[in-house]
Structure formats: structure tokens, C-alpha cells
Amino acid sequence: MARGCLLGKLRCRRWRYVSMADIVDLSLLAPSMVKIIDFRVFASTWSLLSGLQGNIDLCIYAIQDDCRTTVWTYQQDSDGILDSFQPDKELQKKKKISYIRKRRDVYKAFGPGSKAETSTILAFGSLFTSPYKGSELYIDIHEAPRDKRIQSLLKEIEFLPFVPEIMAAGKDFAVNKIKEPFLCAQLRLLDGQFKNHWRVTFAAVEQKLKTLNLERKTNEVSSPIHIFVMTDLPMVNWTGTYLADLAKDASSYRLYTLLESDELVAQAAEKLMAAEHGLRSGFLPRNQDGMDKNKACDPVTLPEVLLYIEEAVCSCASLGFIGTAGSTIAESIEVMRKNNVCKL
């Protein structure tokens, strides 16, 4: 889900706008089950209907429930009650938390008879969600017993593959750059809680390599182990880390990385722009006139697609995968590997 509020002008940023529908193949979802609209089409269509010609600096109805304090549910008869997880005194003191968490029903808040029903546009804060201590942080829609449509949809979206352009780039790197069976190590080291757990993260990789080395010794294999490293730690900062030790031991290990500036990544981004999966996936046609009026964005600016290509590469790692504990990216790669998306 996207972070941020659905408001403001459709502004140009440093990088070209990219929808998740450009990255994830939503064509597998039946139109009868869910209707999709790309934000660019939505913004263009709404601005034309409102006579704003691209300016949508107006939120008619802003959601007042803070995403930190609210867990959204769906038809669970729990609207307004306290959530099962509340920050304890230690956490309140450590994080300076002074709020409580309540559960709100999506249907009651935005359905028939609600104030939102007559609004033109809704504004949300962060909708980023993940389970924590048995409770969803912001959205808990897994239990919707009275709505079979929701249950069916949840089953359908348990796994949605990347679009062909992303998978092709990942396979290309695996086949033509690495060329050998390889291990993928996804190492999240810099943000949030992960920056405090380097030792544990590196220990998992070290243990996996010990196992592989033992197997290779048993089978009398002397060639180095090929490792694709997916990490947020820039290579210039590897000095003094376990990664630097592996890189120095060229007789035992060959390390591979990808950068946003690499030609393979840039070519994939260009193909993704040309494919326009997001614009083509919606139930409303692209409004060419409305979307072409504002040409302030540089047409050659490419979207950031490195992360997704790296995930695709990791899905092809035949020697195994080591992910960072607690990382949603690692979970995504595990799901990709479970569904055998990379067939070399």
C-alpha cells in the first residue's frame, strides 16, 4: 500500500511516478472481483470533472483517525472498541507514546449513510500495514466473516507476480551476469530496528555459507560460491563488515550487486514505462487530453525499479536464500520462491 495522503497536485518529483500496478501483475485479478484505477487516471479525470485542470489541492473529507491509533476492520462488530494490543508503560516511555489504539469499521466509516459517502475525495495518512504481536498495525481485514467476496479476494492476492519486464531483467542478470548457481543474501542494515541487529543478520549468512562449504568439500567442489548481495548498505561502507571479509576472499566467494544506475536496470525501467501496465490496468480509459496538458515532468526521468529487480534475482537463487529477519522484503522473496516464479 502507498504511504501518504491522497491530495495535492500531481507534482513532478526527482523520479518518474510509478504505480504498483506498473510493478505487480494485476491482470490475474478478475475484473468482476475488483476494479482498479491508476492514480494518474483518477487525478486527471477528477480534475477535469471539477474544472481544476490538474490542481487537486482540495480534500473534501479528511480521515481524522490517526493511523497510529486506529486499526481498520471490516464488518467485525468491533467499531470503537479498544484494540487487543496497547503499548505498555515501558514502550510508552521509550517511544513517548501517549495514545491508545481503537478499532474502526471501514463499512461504517465510509459506507452508506456515512459522512464520507457524499464526499468527492478522501484523504488518508499512512496505510502501511503489518502484523505486530498478533494485531495489525493499521488495517485488519483478514477476518471478514460476513463477506465472502473479501475472503475470496484475500485468497487471490496472497501472491501476485511481478510484471514480465521486472522478471525478465532479474533472469537476465542471473543468467548472463552471474552465470552460475548462486546464493542470495538480502541484508537490510540501515533503517529502523534493522540497524541494531547487524550481528544477527550477518550470522545467518555465515551459517549458511558454512553449510554450503561443507557440502562442496564433501563433493570435492573447489570453485568459489557465487553470492548475490541485496543490501541498503552502500559498498563504500562495507569496510570492517562481514561483507568486506567475503569480498576480500576472492578464491572462496564471488559477490554480485546491482545499482540503480546499471544499464540493465535502466533498460528495464524504460521498458516498464513503455508498457504502461498501470495506466492500462484500470477500468477507466486513460484521459489523454487531461494527462497531456501538464508536461512539466521530464519525459526521460526513469522510475526507481532496482528493489523489484533485486527481488527477481533472488527468486532465481538456486543455492538458497538468506533474508533479514522481520523484513517484509525478505517475506516477499520467500513467497516468490515458494511459487517458483523464476524458471531458468
Side-chain angles (χ1 to χ4, degrees), residues 15 18 20 22-25 159-191 194 201-202 204-206 208-209 211-212 223-238 241-244 246-247 250 252-273 275 277 302-344:
W15 301 105
V18 59
M20 285 310 300
D22 290 315
I23 304 299
V24 178
D25 189 354
F159 171 67
L160 291 171
F162 287 145
V163 294
E165 291 79 7
I166 295 293
M167 289 307 304
K171 292 178 181 179
D172 185 3
F173 188 83
V175 172
N176 297 314
K177 180 65 175 180
I178 302 179
K179 300 179 181 179
E180 300 287 344
F182 67 97
L183 171 73
C184 172
Q186 181 264 340
L187 308 174
R188 190 170 175 180
L189 301 170
L190 293 184
D191 68 326
F194 302 102
T201 302
F202 285 138
V205 180
E206 186 175 8
K208 178 64 176 180
L209 290 177
T211 301
L212 288 177
S223 58
I225 296 176
H226 298 260
I227 308 171
F228 176 67
V229 179
M230 176 183 180
T231 182
D232 53 356
L233 183 68
M235 192 174 293
V236 294
N237 295 332
W238 284 14
T241 70
Y242 182 60
L243 286 175
L246 293 177
S252 301
Y253 307 105
R254 297 282 174 82
L255 272 55
Y256 303 84
T257 60
L258 268 171
L259 299 174
E260 196 78 50
S261 58
D262 287 346
E263 184 179 0
L264 179 142
V265 178
Q267 289 180 350
E270 290 174 356
K271 292 177 182 178
L272 208 62
M273 288 168 52
H277 293 294
L302 299 176
E304 294 178 319
V305 297
L306 173 62
L307 172 65
Y308 314 112
I309 296 176
E310 288 179 317
E311 290 186 48
V313 174
C314 287
S315 73
C316 299
S318 58
L319 292 185
F321 169 70
I322 294 295
T324 303
S327 168
T328 54
I329 296 172
E331 293 176 5
S332 173
I333 295 170
E334 292 282 14
V335 173
M336 293 173 68
R337 292 174 60 81
K338 178 181 177 181
N339 285 273
N340 194 28
V341 296
C342 183
K343 299 176 181 177
L344 299 179

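When a residue number appears, it is its place in the shown sequence, counting from 1.
Looking only at side-chain heavy atoms (C-beta outward), Val24 and Ile166 stay at 4.5 Å or farther from each other. Residues Met230 and Glu311 have side chains in contact (heavy-atom distance under 4.5 Å, counting atoms from C-beta outward). The shortest side-chain heavy-atom distance between Leu264 and Asn176 does not fall under the 4.5 Å cut-off.
One finds the CE atom of Met235 at 7.5 Å from the CG atom of Leu255 (value rounded to the nearest 0.5 Å). Atom CE of residue Met336 and atom SG of residue Cys316 lie 7.5 Å apart, to the nearest 0.5 angstrom. Separating the CZ atom in Phe228 from the CG atom in Leu183 is a distance of 11.5 Å, to the nearest 0.5 Å. Taking CD of Glu206 as the reference point, atom OH of Tyr242 lies at 4.5 Å (rounded to 0.5 Å). Rounded to the nearest 0.5 Å, atoms OG1 (Thr257) and CD (Glu310) are 8.5 Å apart. Between atom OG1 of residue Thr201 and atom CG of residue Leu233 there is a gap of 11.5 Å, rounded to the nearest 0.5 Å.
Nearest heavy atom pair, residue Leu209 against residue Leu246, reads CD1-CD2, 3.7 Å. Scanning both residues, Leu187 and Thr231, for their nearest heavy atoms gives O-OG1, 2.8 Å. The shortest heavy-atom contact between Arg254 and Pro224 is CG-CG, 3.8 Å. For the residue pair His226 and Pro181, the shortest heavy atom distance occurs at CB-O, 3.7 Å. Of all the heavy atoms in Met167 and Ser315, the pair that sits closest is CE-OG, 3.8 Å. The minimum heavy-atom distance between Gly326 and Phe194, with the atom names listed, is O-CZ, 3.7 Å.
A perpendicular orientation is assigned to the rings of Phe162 and Tyr308, their planes being inclined by more than 60° (bins at 30° and 60°).
A donor-acceptor distance shorter than 3.5 angstrom exists from the side chain of Asn339 to the backbone of Val335, with no hydrogens or angles considered. A distance-only check finds a donor-acceptor pair linking the side chain of Asp232 to the backbone of Leu189 [under 3.5 Å]. At least one donor-acceptor pair under 3.5 Å links the side chain of Glu260 to the backbone N or O of Val305. At distances below 3.5 Å, at least one donor-acceptor pair connects side-chain atoms of Arg337 with backbone N or O atoms of Cys314.
Glu165 pairs in a side-chain hydrogen bond (donor to acceptor under 3.5 Å, both in side chains) with only one of the listed residues (Lys271, His277, Gln267), which is His277.
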Checking side-chain contact (heavy atoms from CB on, under 4.5 Å) for the pair Ile227/Leu319: CA distance, chi angles, key distance, verdict?
CA-CA 9 Å; Ile227 308 171; Leu319 292 185; over 6 Å; no

